[in-house]
Structure formats: C-alpha cells, structure tokens
Amino acid sequence: MVDFLDEMEACVPALRRYARALTHNLDHADDLVQDCLERAISRRSLFRPRGPLRPWLFTILTNLHRNARRAERRRGERVDLNTIADLGTPAPQPGHMALVELARHIETLPLDQKEALLLVTLEGLAYQEAADILQIPVGTLMSRLGRARTTLRQLTGATNEPRLRTVK
Amino acid sequence: MSAINRDILMAYLDEQLDPAARADVETHLATNPETAGELDTMRRQADTMRALYPAIGNAPVPARLDPHRLALLVQRRRWQAMAQAAMIVALLGIGITAGWLLRPTDAPALYNRLIADAVSAHTVYVAENRHAVEVASDDTEHLSTWLSDRLSTRLAMPDLTGQGFTFLGGRLLPAPALPGGRAAQLMYETASGERLTLYVTPATGIDGPEFEMVRLGAETALYWSDEAISCTIVSDQPPEALEALASVIFSQLNPVEPHENYREL
C-alpha cells in the first residue's frame, strides 16, 4: 500500500503537466489529477492491471478528461482560449508570443491527436507505451501524431517560420 | 539507402529507433537538406511545446494531490458510505419491525365480528315461530349432510336433550365477517321456550382466543375455535349455565375436551 502510494506520488508531476497541457487551466488540471488519483486509489485492488503504475494512471487521466470534455460539450460550454495567458509560462520573453500561439494551435487540434502529441512529445513515451495508454494500435498513434504535427506546422509555419514554408 | 517516410522521420525525432535505423536516417539526412529541414521544424515544434508546458519537476505539490492524504480520504469516505448503508439498513429494519408490530389490528377484530354476527343472527331468528329454522330437526341427517357440505367441514348436530334442550333445526347463513363466508345456525329450545343458538363456521384461520365469553345486552355469547371450526353459542342463560352447556356441545362437535378456563370480558 505504502509502496503503491509512493510510486503514485512520483507520477504526480508528470500527470499534472499532461493535465495542464490537456486542459489549459491550472485548476481544472489539478482537479483532473486529483480525480485520477482518487480513482486509482479506490480501484487499485479491483482494476489495476499488472505492470507499471504510470501508464495506468495516464490512461485513467485521459479517460477522465475525455468524459469531462464530453460533459462540457453537452452543456455547451466552450474552453476560453484566452485562459492560456494564465498558463504557468515564463515571464514574457521574445519567444512568448510564439508560445502562446502554439498553445492556441494545439488547442484547435482534435482531442485524439492532441493526446498522442502530448504523450509522445512532452512525456517522451515510447510509441508502444503511448498507444497502450490511449488503447489504440501503434499505427493509429503514429498517424495521429503525423497529422497533428503536419497541422501545427502549417498553422505556425505561416507566421513564424517563413523560410521553412516550402518544406514538404 | 532506404526511403525515409514521415513515420520513420518522426520516430527518429522521438528517439524510437534502434541505432542501426538511426544511422540510416542520419545518412539520409546528410544528403537530403529538405528532409533535414522538415526534421528541424518538427524538432523546433517539439521544443516549443516543452517550453510551453515545462516539466513541473520539484515544484511543491498541493496537499490535495498527495496520494497518501487521498488514500486516507478515500478510505474515510468508504467507511462513511458503509456506515451510511448500515444506518439505512438499521432504519429500514426498525421501520419494518415497527410497522409489523403496529400493523392494523384487523385480525383480532375479526373474531369479535363473528361473535357479533352470531348474536345478531340469534336475535333475529329466536323471535321467529314458524320460520325459526330452515330445515327442521325431524330431518337431522339431511341437515347435517347439507350443512357439512356447505361449510366444507364435517358437522355433527349436538344432542342437548340431557340438558333440557330440544333440537329445533338449522339454517345456512352468510358470515359477513369472513369474505365469502358461510355459517350454520343450529337452534335449541327448552320446555319453557328459552332458545339457544350455535353459530358455526369453518376454521377462520384468524388470530384470536380459543375461548371467549361476551355479554351483549340480555344475551351471553361463548366463542370457541379450534383448527376445524369456530362456534359461538348464544343464549340468555347465565354464564355458568352456558359454560356447562358449552362443554357438552363442544365434546359432541369435536371429540377433544374443551378448555376449562374461559376468559371473561
């Protein structure tokens, strides 16, 4: 039990980061992480698959976020893109606008592409691990990843990277 | 030199390739500046993303995200839920028990209604002279068969000549106290014209005393029941005389000796 909780505690920073990137809202992100941890604790004995704890926690968090999004869409609320200005980003700096813009673009990605992109890029997970978390085949993960990156390149390339616009 | 597609390039960027495959890609990149540029863009993108969502690292974690604390909370909540469930069960149990104990006491009242029916039938028919009975005593055997049949229970016609009562006959009556109930009324008369009736129904299956003596105006009713029948004797005899009569009647209606202790109301 204590081992389990310690192991879980070690995963909390990564979960918070992933949740922040998913929600673009610090409070919502921490709510999500808290829900995820509580669920994991209360279902530990019943549902925990064999194997490492981390992917399981990420799967729970992903599913909770999807459910919340679905509920939000039913209620007709829209995520306010302006809230991203409140992100825990470093103080304004030359690249700050680029960051905000990228955040905006990431926010426009379909959720499944966004999840794949965040897990691989932020968490540096192996494709297989990310695919397991999202419960999809590796091929599907890669195609989502590819589409996400192409879309982002097209969106950001137009303003920030003119010299690379011709690529591909 | 194998072709480098987007997936391989991406896998190279994400460091998912084994050393041999990496080397292949690097060779390819060296001679393909376009692909190298594409890789650069993707890498910049990834770097920007990591800058956008910096690793949280050792920043203090809010207390509400401490798994140890959460585990305690979850456990406490589980106990509370269990306590609540137990409470609900207990309350339900108390409610059901109380409901059972305080259930409408219809059943005990039923035998009282039977007694009342017997008394009213008695007062109606003892006043009759020509039509006091439906089937007269000269056809006792037929009467016995008929009433036994209608009441679906074997019914003997007690002989009370030793007590100074002549059997007049009997009739079939509705027993309003019982749903769809029927009762047999048997009538006896003394030489001086005092009449006594028996009001017999099949066993009612209801709760009630085995014996009960009730005075209703001038009449005394003695109620008695066993597993086969219930019988109410109604007459204007004094209670002691009625008790003496009752033991004779019961022993003939039913071979088992009746109880000695009547409950006086």
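Just so it is clear, the values below take in all heavy atoms, side chains as well, and ignore hydrogens, waters and symmetry mates. Per chain, numbering begins at 1; letters A, B, ... match sequence-line order. Only a predicted model underlies this, so the values are computations on that prediction, with no experimental measurement involved.
Only the side chain of B:Asp66 comes within less than 4.5 Å of a heavy atom of chain A; its backbone N, CA, C and O stay farther away.
Contacts from residues 111-122 of chain A to chain B, taken as heavy-atom pairs separated by less than 4.5 Å, involve A:Leu117, A:Leu118, A:Val120, A:Thr121, A:Leu122 in sequence order.
Side-chain contact between A:Leu152 and B:Met42 is absent, with no heavy-atom pair separated by less than 4.5 Å. Looking at B:Glu38 and A:Arg153, their side chains come closer than 4.5 Å, going by heavy atoms from C-beta outward. A heavy-atom distance below 4.5 Å is found between the side chains of A:Leu145 and B:Asp14.
Between the B:Gln16 side chain and the A:Leu125 main chain, a donor and an acceptor come within less than 3.5 Å of each other. Distance alone, capped at 3.5 Å, places no donor-acceptor pair between the A:Arg16 side chain and the B:Leu65 backbone. Checked by atom type and distance alone, the side chain of A:Arg17 pairs as donor or acceptor with a backbone atom of B:Tyr53 at under 3.5 Å.
Evaluation of the salt bridge (charged side-chain N to carboxylate O under 4.0 Å, His left out) rule for A:Asp35 yields no partner, not counting sequence neighbours. Scored by the salt bridge (charged side-chain N to carboxylate O under 4.0 Å, His left out) test, B:Arg150 finds no partners at all (sequence neighbours excluded). Remark: A:Thr140 engages A:Ile136, A:Pro137, A:Arg144 in a side chain to side chain contact (heavy atoms under 4.5 Å, CB included) (not counting sequence neighbours).
With chain B as partner, the option from A:Gln128, A:Arg149, A:Met8 having the largest number of non-hydrogen pairs under 4.5 angstrom is A:Arg149. Top candidate by heavy-atom pairs under 4.5 Å with chain B, chosen from A:Val33, A:Asp30, A:Leu37, is A:Asp30.
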